[in-house]
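A short worksheet on the structure shown next.
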Amino acid sequence: MGRYDLALIGFGGVNRALAELIAARGDRFAEELGFTLRVVAITDLRAGSLVDTAGIDLAPLLAAEPGELSFAGLPGGSADPRNKWVIREVPADIVVEATFTNPNDGEPALSHVRWALESGKHVCTTNKGPVALAGSELKRLAAEHGVSFEFEGSVLSGTPILRTAQRLLGGLEITGVQGIMNGTSNYILGRLEEGVELPTAVTQAQELGYAEADPTADIEGHDVQLKVMILANEVLGAGLRREDVSCTGISGITPQDAQDAISKGLRWKLVGSAARRPDGTVEARVAPVALPAHHALAGISGPVNAVAFHTDLLGTVTVSGPGAGRTETAYALLSDIIAIHQHHHADDDTAPLHRVLQETHRG
Ligand code: HSE
């Protein structure tokens, strides 16, 4: 049975939820998936860093209130996040990057991912910034170092959108994608239809854990813009930059607008789309659209998301599921770890795997 030693970068909602899954279901994972998971390092902007190469005891960390967690004073702990040192020097198999998304230059997550790949460590991330802004470069870097760069959770949290397109739709041509890809804005639009004002609906979305730390990206469409870039680049081979994806959010829609639409048999939805033009280039946009009730995306409500793939051989294939939430996004990280296991180590029975990798590299 193999074992993966994890370094968790960022210990906010998502990586904490992954730690909870490991603590609660580790034995089940071992039985079902054929590997065990051990956390050997955690770094966090507020809590600092904690390293124990024999495996961190997660229970006391998970028992503490998130806002009160501090690693200073613990054995192997420091008030300083020491991200670069932890990522490069602590022997881990997989670096799990779940810090905040920076849509402008992807930092500091982009550097975290580069350091990990350059150190010969697999990376899985839910962070849209590095994937949308530097996905091709990072995949090249991973290939050069013989490791994986996995990012299923960057689009629709744990709902397997990217792997569906890459693994299950082979042999046909995807001509376009269209989706509801932001749970917060979709939830808010539903609340507006019920007559709730925008600020109240935003607060509720934050309390439910759907919204980004700064909900502006959810409301103004920038979160969807990054997801459209990722989908278009991964699925349509587009190579889009942010400025190639026009972007309008939902802040201009009032409860009255939402209710007027309902009375006409329409529903406002924030739709992200990308489609191949006849000349082969890709056109992409994010905008609110009043969809007729019969449209496949009109019935997608609350934090649920959906992506419709337009294909030549199957027509439209729609995948729907959660698009946000701590545990749902943490599941995406587990699915990335499973993908790494299947790709690199499914036949190994030696632990720990970073030693296998190091020995392989030494030749
Ligand atoms: N805040 C996002 C949403 C989740 O509401 O869909 C992460 O992308």
Side-chain angles (χ1 to χ4, degrees), residues 10 12-18 96-104 106 109 124-133 135 150-162 177-192 196 198-234 242 245 247 249-251 253 268-273 286-288 297 300-307 319-336:
V14 173
N15 263 344
R16 197 179 162 96
L18 179 64
V96 184
E97 216 292 340
T99 64
F100 65 96
T101 289
N102 174 346
N104 299 316
C124 45
T125 186
T126 56
N127 197 313
K128 296 168 283 282
V131 187
L133 303 175
E150 301 289 337
F151 43 85
E152 182 63 62
S154 63
V155 183
L156 260 63
S157 69
T159 304
I161 287 298
L162 298 173
V177 289
Q178 189 182 29
I180 292 174
M181 298 186 240
N182 183 269
T184 302
S185 58
N186 206 45
Y187 170 83
I188 290 171
L189 287 171
R191 302 297 284 155
L192 297 183
V196 174
L198 184 74
T200 309
V202 172
T203 305
Q204 289 168 340
Q206 284 179 305
E207 284 166 3
L208 288 163
Y210 306 144
E212 299 292 301
D214 175 0
T216 315
D218 296 304
I219 295 158
E220 298 303 345
H222 302 129
D223 174 75
V224 181
Q225 188 183 38
L226 295 179
K227 291 169 180 167
V228 167
M229 286 168 68
I230 296 169
L231 261 181
N233 293 346
E234 289 300 308
R242 246 186 118 191
V245 184
C247 183
I250 62 163
S251 56
I253 298 179
W268 280 106
K269 294 289 173 193
L270 184 62
V271 175
S273 58
V286 180
L297 299 179
I300 303 298
S301 296
V304 177
N305 285 189
V307 169
V319 179
S320 171
R326 300 168 60 239
T327 305
E328 294 84 344
T329 310
Y331 176 74
L333 294 169
L334 179 66
S335 79
D336 285 343

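No experiment lies behind these values; they were computed from the predicted model shown. Values reported hereafter were calculated over all heavy atoms of this structure, with side chains retained and with hydrogens, waters and symmetry mates removed. We count ligands from 1, going down the list as the structure has it; atoms in each ligand are counted the same way.
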Nearest-0.5 Å distance, NE2 of residue His222 to CG of residue Asn182: 11.5 Å
Atoms of ligand 1 close to Tyr210 [distance to a heavy atom under 4.0 angstrom, numbered from 1]: 1 (N), 2 (C), 3 (C), 4 (C), 5 (O)
Close-contact set for ligand 1 against Lys128 heavy atoms, below 4.0 Å: 7 (C), 8 (O)
Which atom of Pro103 lies closest to which atom of Leu133, heavy atoms considered: O-CD1, 3.7 Å
Thr216-Asp214 side chain donor-acceptor pair, cut-off 3.5 Å: yes
Sidechain-backbone polar pair: Asn127 side chain, Ala109 backbone, donor-acceptor under 3.5 Å: no
Enumerated ligand 1 atoms positioned under 4.0 Å from heavy atoms of Asp218: 1 (N), 2 (C), 3 (C), 5 (O)
Atom indices of ligand 1, in the order listed, that fall short of 4.0 Å to a heavy atom of Gly183: 3 (C), 5 (O), 6 (O)
Nearest-neighbour protein heavy atom for atom 7 (C) of ligand 1, which is reported as residue plus atom name and distance: Glu212 OE2, 3.2 Å
Ligand 1 atoms in contact with Gly323 (distance to a heavy atom under 4.0 Å): 4 (C), 6 (O)
Side chain, backbone, both or neither: the part of Thr101 lying under 4.0 Å from ligand 1 by heavy atom: neither
Selected option - heavy-atom contact closest to atom 5 (O) of ligand 1, from Thr329, Leu156, Thr126, Thr184: Thr184
Backbone or side-chain N or O of Asn305 under 3.5 Å from ligand 1 N or O: no
Pairwise distance CG(Leu270) to CD(Glu220) - rounded to 0.5 angstrom: 10.0 Å
Check: Glu152/Ser154 side-chain N/O donor and acceptor closer than 3.5 Å: no
Distance-only side-chain donor-acceptor flag, Asp218 / Ser185, under 3.5 Å: no
Closest protein heavy atom to atom 8 (O) of ligand 1, given as residue, atom name and distance to 0.1 Å: Lys227 NZ, 2.8 Å
Separation of Glu234 CD from Leu162 CG (nearest 0.5 Å): 6.0 Å
Where ligand 1 meets Asp223 - atom numbers and elements under 4.0 angstrom, heavy-atom basis: 2 (C), 8 (O)
Nearest atoms (heavy-atom pairs only) where Thr329 meets Gly153: CG2-O, 4.5 Å
Of the listed options Asn182, Leu226, Asn186, Val224, closest to atom 3 (C) of ligand 1 (non-hydrogen atoms): Asn182
Contact (N/O only, under 3.5 Å) between Ala324 and ligand 1: no
